[in-house]
2 protein chains.
Amino acid sequence: MRRMDTFTAISDPTRRQVLDLLSRHERPAGELGRAFPSVSQPGMSRHLRVLREAGLVRVRKQDRRRVYSLHWEGLAPVEAWIAKYRGFWEAELDSLEAFLDSPTKPSERPKRPRTPP
Amino acid sequence: MRRMDTFTAISDPTRRQVLDLLSRHERPAGELGRAFPSVSQPGMSRHLRVLREAGLVRVRKQDRRRVYSLHWEGLAPVEAWIAKYRGFWEAELDSLEAFLDSPTKPSERPKRPRTPP
DNA sequence: CACTAATATAACGAATTATGTATATATTGT
DNA sequence: ACAATATATACATAATTCGTTATATTAGTG
């Protein structure tokens with residue numbers, strides 16, 4: 001199988017949930033599998049492989065368990081891409097705040113209500 | 001074709017680039033198509049449909065053009081999901097700063113170098 | 001209305017991805 | 001060495017996705 005890029009890796013809801021679980025604390029593969037009863041054991045193993053190859057998780061052997069942990073650095077491409085759009089949110093938040101600040105005409109409302117010096 | 005969710009919609013590199021183009025300013029479909037010579041006209045039209053159905057772009061008819069514009073609100077699911085991981089970045093930035101602050105062993109360096117009271 | 005330009009949809013094949021069953025590998029305990 | 005547990009891989013197959021060619025739709029223009 002060809003190596004999957006980060007964006008495709010996180011396009012699957014199960015894999016995103018796995019990452020969410022791992023963001024709390026590391027877990028062995030079996031425990032992750034049990035958290036998704038609708039997914040077979042080999043199915044989960046494959047999801048984990050995808051996440052592994054995309055650099056989103058790390059594995060560590062502990063006796064006969066494979067303990068998976070989040071490797072958040074692997075999300076860097078997504079973070080970098082979406083960061084370009086964060087400005088839109090901020091702009092919108094600003095205008096939302098401005099709106100909430102201005103239930104009336106600007107001339108009718110004090111500059112900073114209930115904020116004593 | 002089944003309606004594609006946001007994460008799947010942005011899993012395609014061409015579609016991400018289309019969004020990047022639209023983040024600068026709106027453009028008619030044809031112009032977007034010409035920006036990707038490796039994609040046929042119907043191919044681009046389909047990408048645009050996916051983006052449209054995922055709520056990532058909006059269309060407006062202007063004479064015989066279809067002018068596409070970014071609808072950044074459609075990125076909210078991605079933004080919300082990845083926001084949960086932003087803490088990891090911040091934590092790491094903190095430790096990176098701490099590391100850059102500490103070129104020597106902690107015991108060898110003052111608590112707050114060059115910060116007079 | 002015929003003609004053209006711009007874009008969308010249909011139909012289809014190739015490539016990729018998803019998922020289950022069966023099997024293999026590895027590690028630990030007896 | 002053998003059995004048991006935990007996990008991975010192989011293989012087959014179904015479902016999605018992507019891209020192409022051909023065709024339809026929609027809106028202006030003469």
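The figures that follow rest on heavy atoms only: side chains count, while hydrogens, waters and symmetry mates do not. The sequence lines fix the lettering, A, B, ..., with proteins before strands; numbering per chain opens at 1.
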Measure from CZ on Arg16(A) to P on dA18(C) and round the result to the nearest Å.
12 Å

Identify, with sequence neighbours excluded, every residue that meets side-chain contact (heavy atoms from CB on, under 4.5 Å) alongside Glu53(A).
Arg3(A), Arg49(A)

Who passes salt bridge (charged side-chain N to carboxylate O under 4.0 Å, His left out) against Arg58(A), sequence neighbours left out?
none

For atom CZ of Arg3(A) and atom P of dT16(C), their distance in whole Å:
16 Å

Who passes ring-ring contact (aromatic ring centres under 6.0 Å, His included) against Phe36(A), sequence neighbours left out?
none

Would you say a side-chain N or O of His47(A) is under 4.0 Å from OP1 or OP2 of dT19(C)?
yes

If you look only at pairs with a residue in residues 72-84 of chain A, which of them pass as a side chain to side chain donor-acceptor pair (under 3.5 Å), with sequence neighbours excluded?
His71(A)-Glu73(A), Glu79(A)-Arg86(B), Trp81(A)-Asp20(B), Lys84(A)-Asp20(B)

Can you measure Ile10(B) atom CD1 to dC18(D) atom P for me and round it to whole angstrom units?
13 Å

For Ser40(A), check side-chain contact (heavy atoms from CB on, under 4.5 Å) against everything at least two apart and list the hits.
Pro42(A)

Atom-pair distance (CZ on Phe36(B); C1' on dG19(D)), nearest Å:
15 Å

Could you check whether any side-chain heavy atom of Val78(A) comes within less than 4.5 Å of a side-chain heavy atom of Tyr85(B), counting everything from C-beta outward?
no

Determine, for nucleotides 6-17 of chain D in 5'-to-3' order, which nucleotides have protein heavy atoms under 4.0 Å from the base (write B), from only the sugar-phosphate (write S), or from neither (write -).
SBBB-------S

Thr6(B) meets the side-chain hydrogen bond (donor to acceptor under 3.5 Å, both in side chains) criterion, sequence neighbours left out, with none

For atom CZ of Arg27(B) and atom C1' of dT7(C), their distance in whole Å:
18 Å

State which residues pass side-chain contact (heavy atoms from CB on, under 4.5 Å) with Arg27(A); sequence neighbours excluded, sorted by chain then number.
Leu21(A), Leu22(A), Arg24(A), His25(A), Glu31(A), Leu32(A)

Rounded off to whole Å, could you give me the CG-to-C1' distance for the Asp63(A) and dT5(D) pair?
10 Å

What is the nucleic acid contact for Ser11(A), judged by heavy atoms within less than 4.0 Å: base, sugar-phosphate only, or nothing?
nothing

Taking five pairs at each end, how big is the angle between the two axes of the helix from dC1(C)-dG30(D) to dT30(C)-dA1(D), to 10°?
10°

Given atom NZ of Lys61(B) and atom P of dT7(C), what is their separation to the nearest angstrom?
13 Å

Might you work through the side chain to side chain contact (heavy atoms under 4.5 Å, CB included) test for Val59(A) and Arg52(A), ending with a clear yes or no?
CA-CA 8 Å; Val59(A) 214; Arg52(A) 223 187 310 133; 3.4 Å; yes

